[in-house]
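To start, the structure itself, in structure tokens.
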2 protein chains.
Amino acid sequence: MNFNTILGKRDFLEYLRGKKANFLLSCSVTNTADIEGISQAGIPGKMYLTPTLDAEFLSTSEVRSLDNIATTPKGIPTPAIITRAVHELRPFENIEFLNLGLKIIPQIDYFKRYDFDINPSDNIECGAKIDAMTVFQKGVDFAQNYKPNCEYTILAETIPAGTTTAAATALALGYECKEYFSSSFKNTPNNIRDEVIKKALNNINENMDIFERLSNVSDNMIIFNAGFILGLQSTEHKLILAGGTQLASVLLVVNSILKTMGGQIDSSKIALCTTKWIEEDKNSNIKALLQLLDFEVNAYSTDFDFSTSESEILKLYDSGEAKEGVGAGGSLVYAAINGLDKEYIIKKIESFIGV
Amino acid sequence: MNFNTILGKRDFLEYLRGKKANFLLSCSVTNTADIEGISQAGIPGKMYLTPTLDAEFLSTSEVRSLDNIATTPKGIPTPAIITRAVHELRPFENIEFLNLGLKIIPQIDYFKRYDFDINPSDNIECGAKIDAMTVFQKGVDFAQNYKPNCEYTILAETIPAGTTTAAATALALGYECKEYFSSSFKNTPNNIRDEVIKKALNNINENMDIFERLSNVSDNMIIFNAGFILGLQSTEHKLILAGGTQLASVLLVVNSILKTMGGQIDSSKIALCTTKWIEEDKNSNIKALLQLLDFEVNAYSTDFDFSTSESEILKLYDSGEAKEGVGAGGSLVYAAINGLDKEYIIKKIESFIGV
């Protein structure tokens, strides 16, 4: 299995080849996910459970807060199965959880969970009601006290409707990027999403500063991790943003903050790693999103897909469903630089769903 | 390869997935092993050599204090071959030896051996003549100065006739568990063993305190490691007790000491890991033994067996010979949480015995 360079040079990943990584999963709920048809990352009416179940499955291979593994209404299992398979075959140094507004605490012992007294955010149609400055500062503080036993961290997310809040965030900050954002659907529900984003943007005005805008239209995952990225700058620790357009949106927030506040970033310590399905997605454009940044950033994907799988359910990923989440793309990159074969990963994933 | 949960939840092992472990082998001799027919863990008349040879083979793949690998009279090789295979495929952080009364010092350079001025214990038929309080305290002291470079330790044992002394120990402390103890034989030699245990128990009386009882009927492996477990409580270090009913007996000693002295234990830092052959053994009951404890403890096994091996000798394990020892069960659990395949381990073991 190989990785592909979307932006930058191979060297960042080559340097990390064979090194262990800490895996941080940002778990968050935005009530935007309650809007009917906005996301398929979970069970309709119970989207708030998805990050809880993803955390449980990733760490223990069991879902404990529900009877069965979370799937979309079409039966597509969560991308957590990809990350879990990689972890079983080439374990991460640690898996740790950031509670960025969970409704239900995962039932897991031993694994570290960081709590920040952050609540689920509201539906952005009516204003997310986040204290963005405080959440951002919590991300900065966390990074400054973060001392993992390894050279780099894979930072991932699980937040249903997160691509909608990510798009609203970037638009609210003035980026021209409406067509660049992905979704968990093969065919993005543009009518519903456009309507939600339009309503969200109606709640901001041009007199608002960055943090006021974020408070209205963003989510805790994005705001906290913008702080985390900047807080880590004082260390030599390297960071893989494991995700697609949502993690790109985190970088756009960082970019806006730096522009407003006049700061600098050493972006050579950062890379975004995503799936082939995101890179090749016709309905979004991860590369174009990253090129909106005023700094350069490395970005990679892998050639992993389910073309040789016997599972029709898994092949739905190849046709554009689900695509990314729970650090699937970053995990596959981790697999690639740790000598794992594609077929070996596919067999492991198939074993989870009983193929 | 997967692990099975006998008691507790998966989380303890899931947390340790991919992490390196220190491997501590408790090497001890009880002259109880000289009783004809009591054990098949070695060469008749030379049972005292078994821990020496196990230490040599485990660390170097050579037996140096004898011409050939230690086998039972039926030709079954020591379970050290299982632990050695796992170590070759996914090496432990370190292998270190506890000299808890060896007769012959293993001929090994570089590997750390801890000496405690402990002598082989006597045949429990006539009283083991152990200064149990001193040996226990040595275990406590060792634990308090034990600073490995990793998050957990796999603690194993090699002591022929150890299941007999383990059963006598538990019975002398008043546990109702006569039928729960395993042996290295497929068909436990109950007549011989019952006789030995009966004689041993005749040497204790109800006025004796715990340590007086242990001094008479136990062995240095059990007493030292009861101290080791309690000494480790002041640290965050996690411990896998790699063995079957003998390690369960260590926990029963811990339990009795806590009850008598009124202490507490955080048993969430401890798990017992054993083989499928112990878990499924009809002549013993590891789960029932652990359920005699007043605290809860995690316990696991793996699905490893030799059903797909081409070796008739190895298949004797599947029919109930040998079963456990030298940390075989704990090593297989280590293999399972470090992504090793069963077939890969079997091939390695076969290579040791020339299949």
Side-chain angles (χ1 to χ4, degrees), chain A residues 18-25 52 54-65 80 83-97 105-113 147-150 153-154 331 334-335 338-341 343-352 354, chain B residues 1-5 7-22 86 89-93 147-153 235-240 266-271 273 295-300 302-304 332-345:
Chain A
K19 295 186 170 72
K20 280 252 180 177
N22 214 35
F23 190 95
L24 279 185
L25 184 61
T52 303
D54 280 340
E56 289 172 350
F57 185 76
L58 178 59
S59 50
T60 70
S61 81
E62 295 176 354
V63 291
R64 293 172 173 174
S65 298
T83 305
R84 171 73 192 178
V86 170
H87 177 58
E88 285 200 17
L89 298 169
R90 288 288 186 282
F92 302 112
E93 174 78 16
N94 268 304
I95 295 176
E96 299 181 332
F97 300 99
I105 298 297
Q107 298 172 42
I108 313 167
D109 294 333
Y110 299 101
F111 290 80
K112 203 178 246 179
R113 187 186 72 240
K147 304 269 180 281
N149 279 330
C150 47
T153 289
I154 298 174
S331 299
Y334 183 73
N338 282 279
L340 265 186
D341 274 352
E343 295 310 315
Y344 202 39
I345 300 169
I346 290 175
K347 285 278 168 281
K348 179 62 80 176
I349 295 170
E350 287 175 345
S351 76
F352 297 149
Chain B
M1 195 160 74
N2 281 313
F3 66 84
N4 309 314
T5 304
L7 284 171
K9 291 202 301 181
R10 298 177 58 81
D11 303 39
F12 179 89
L13 285 185
E14 286 294 349
Y15 173 74
L16 296 178
R17 188 177 283 279
K19 295 187 169 72
K20 280 253 182 179
N22 215 34
V86 171
L89 298 169
R90 288 286 186 283
F92 302 111
E93 175 80 16
K147 304 269 179 279
N149 279 331
C150 46
E151 273 195 62
Y152 75 112
T153 288
T235 73
E236 284 306 303
H237 198 70
K238 289 182 180 57
L239 185 63
I240 284 184
D266 174 5
S267 57
S268 73
K269 290 183 277 193
I270 303 170
C273 293
F295 50 84
E296 289 185 356
V297 69
N298 297 297
Y300 310 95
T302 65
D303 53 5
F304 182 91
L332 289 168
V333 163
Y334 183 74
I337 61 174
N338 283 279
L340 265 184
D341 273 351
K342 178 183 156 185
E343 296 310 316
Y344 202 38
I345 300 169

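So that the names make sense, note that chain A is the first sequence line, chain B the second, and so on, each numbered from 1. Keep in mind that what you see is a predicted model, and the values were worked out from it rather than measured.
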- Chi angles and distances behind the side-chain contact (heavy atoms from CB on, under 4.5 Å) call for B:E151, A:N94: CA-CA 11 Å; B:E151 273 195 62; A:N94 268 304; 4.2 Å; yes

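- Between A:Y110 and B:K238, the shortest heavy-atom contact is CD2-CE, 3.8 Å.
- We find that A:E93 and B:R17 are not joined by a salt bridge, their nearest charged nitrogen and carboxylate oxygen being 4.0 Å or further apart.
- The environment of CG in A:N149 is sparse: at most 12 heavy-atom neighbours from other residues, nucleotides or ligands sit within 6.0 Å.
- Proximity to chain B is limited to the backbone of A:Q107, based on heavy atoms less than 4.5 angstrom apart.
- Distance check, rounded to the nearest 0.5 Å: NE2 of A:H87 to CD of B:E14 gives 6.5 Å.
- Contacts between A:K348 and chain B at a heavy-atom distance below 4.5 Å are absent for every atom of the residue.
- Expressed to the nearest 0.5 Å, how far CG of B:N338 lies from CG of A:L89 amounts to 11.5 Å.
- For CD of B:E296, the number of neighbouring non-hydrogen atoms (other residues, nucleotides, ligands) closer than 6.0 Å is 12 at most.
- Annotation: maximal heavy-atom pairing with chain B below 4.5 Å, among A:R84, A:R90, A:K112, occurs at A:R84.
- Only the backbone of A:S59 comes within contact range of chain B, with at least one heavy atom under 4.5 Å from a heavy atom of that chain.
- Of the atoms belonging to B:I337, it is backbone heavy atoms, and not side-chain ones, that fall under 4.5 Å from chain A.
- A salt bridge links A:R64 with B:D11: at least one charged nitrogen is closer than 4.0 Å to a carboxylate oxygen.
- A donor-acceptor contact shorter than 3.5 Å is absent between the side chain of B:K19 and the backbone of A:P91.
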